[in-house]
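All values below come from the heavy atoms of this structure, side chains included, with hydrogens, waters and symmetry mates left out. Please read these numbers as outputs of a predicted model, since none were measured by experiment.
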Amino acid sequence: MHNNDIFSTLVRIIVLCTAFPVHESAHALAAHWLGDNTAKEQGRITLNPFKHFDLFGTMMMLVAGVGWAKPVPINPANFKEPKKGMALSSFAGPLSNLILAYLSIVLGKITFFSGAWFSNAYLLYFFSYSALLNVYLAVFNLMPIPPLDGSRIITLILPEKTYFKIMVYERFIMFALLIAVFMGLLRGPLNYLSGLVMNAMYFLSGWVDVIRLGWML
């Protein structure tokens, strides 16, 4: 294997071992703050990737570019407001990935502007890949399709009867989703939406460029 291929694979593994644990821990931590300790009691508030590892989901991430970790168990009955608690704890996962993506972009810019030996192609590649993968995970999980996080978030606006009718077919929807991911049918929409989010994050990180420009003047 070429050295660049080895490095690319290593970067993917490191980013996945960061993105997935942070995502799932965010679910568990949010649920804990809102009154449900189910995930906490199972040791899911941790950055240990092996606690969140799902073999098939990780393989799909490496092969198809979209994957998942082991779902965090959440019992909405423990929330004071079940619909709100479920939506907020579900949103915490994608939000954590967006925060990681933003930090990666900021660190990438700082690395680029630092110059000298510290600013090198390998480090820039790492931050770029981290930003892109985390944005991709967030956008994918925010899709309002069971069992993705987005389907839990829309419980705030959907009548309960309608939501539970949809959930009856969750296994079939999940199977169709896996086929769509494997065949690359979602690649176009996900790339487009991820691009919009990335552009927004580059804009919101413009303060780094302003500071750099100030130093140059």
Side-chain angles (χ1 to χ4, degrees), residues 15-16 18-34 36 38-39 44 52 54 56-58 60-61 64-79 81-102 131-201 204:
V15 172
L16 284 174
T18 303
F20 280 162
V22 168
H23 180 105
E24 299 304 329
S25 292
H27 282 315
L29 187 60
H32 168 62
W33 285 342
L34 293 167
D36 177 33
T38 305
R44 298 298 300 276
H52 310 285
D54 181 275
F56 187 61
T58 303
M60 288 295 289
M61 189 73 235
V66 176
W68 53 89
K70 184 168 63 175
V72 164
I74 294 177
N75 185 356
N78 292 326
F79 298 135
E81 298 179 66
K83 288 179 67 175
K84 184 177 179 181
M86 197 66 186
L88 290 175
S89 57
S90 296
F91 181 63
L95 177 61
S96 70
N97 289 126
L98 291 175
I99 292 172
L100 279 179
Y102 182 76
L132 184 59
L133 183 136
N134 276 287
V135 164
Y136 218 77
L137 282 176
V139 171
F140 176 69
N141 277 284
L142 285 172
M143 294 174 63
I145 302 173
L148 301 179
D149 296 326
S151 69
R152 270 63 174 174
I153 297 172
I154 61 172
T155 57
L156 284 174
I157 59 175
L158 281 181
E160 287 190 14
K161 289 185 178 180
T162 303
Y163 176 73
F164 285 116
K165 283 182 180 179
I166 295 174
M167 293 306 294
V168 170
Y169 301 100
E170 180 174 352
R171 290 185 180 180
F172 301 101
I173 297 173
M174 178 62 180
F175 183 69
L177 179 64
L178 288 176
I179 294 176
V181 168
F182 188 75
M183 295 182 65
L185 300 178
L186 299 177
R187 189 168 300 163
L190 287 175
N191 285 343
Y192 175 75
L193 293 173
S194 296
L196 293 178
V197 175
M198 287 289 288
N199 288 336
M201 288 198 168
L204 292 174

Testing the basics here: between Leu100 and Ala19, what is the closest heavy-atom pair and its distance to 0.1 Å?
CD1-CA, 4.2 Å
Heavy-atom closest pair, residues Phe79 and Leu34:
CD2-O, 3.5 Å
Rounded to the nearest 0.5 Å, how far does CG of Leu88 lie from CG of Leu156?
7.0 Å
For residues 189-201, dump all side-chain donor-acceptor pairs below 3.5 Å to protein atoms at least two apart in sequence or in another chain.
residue : atom : partner : partner atom : Å
Asn191  : OD1  : Tyr136  : OH           : 3.0
Asn191  : ND2  : Arg187  : O            : 3.2
Ser194  : OG   : Leu190  : O            : 2.7
Asn199  : ND2  : Gly195  : O            : 3.2

Quick one: closest heavy-atom pair of Pro73 and Asp36, and the distance?
O-OD2, 4.2 Å
Counting C-beta onward and ignoring hydrogens, is there a side-chain heavy-atom pair between Leu133 and Leu16 closer than 4.5 Å?
yes
Compare every heavy atom of Met86 with every heavy atom of Pro76, then report the nearest pair and how far apart it is.
CB-SD, 4.2 Å
Within the structure provided, determine whether Arg44 and Lys70 are in side-chain contact (heavy-atom separation under 4.5 Å).
yes
How long is the straight-line distance from NE2 of His27 back to CG of Leu95, given to the nearest 0.5 Å?
10.5 Å
To the closest 0.5 Å, what do you measure between CD1 (Ile153) and NZ (Lys83)?
14.0 Å
When every non-hydrogen atom of Ala101 is compared with those of Ala131, the smallest separation belongs to CB-O, 3.5 Å
To the nearest 0.5 Å, how far apart are OG1 in Thr38 and CG in Asn75?
5.0 Å
Here the gap from Asn97 atom CG to Phe20 atom CZ, rounded to the nearest 0.5 Å, amounts to 8.5 Å
Qualifying salt bridge (Lys or Arg N to Asp or Glu O under 4.0 Å) pairs with a residue from residues 142-154, counting only residues at least two apart or across chains
Arg152-Glu170
Indicate every side-chain donor-acceptor pair of residues 178-186 with a distance under 3.5 Å to a residue at least two apart or in another chain.
none

Do you know the tightest heavy-atom contact between Gly93 and Ser96?
O-OG, 2.5 Å
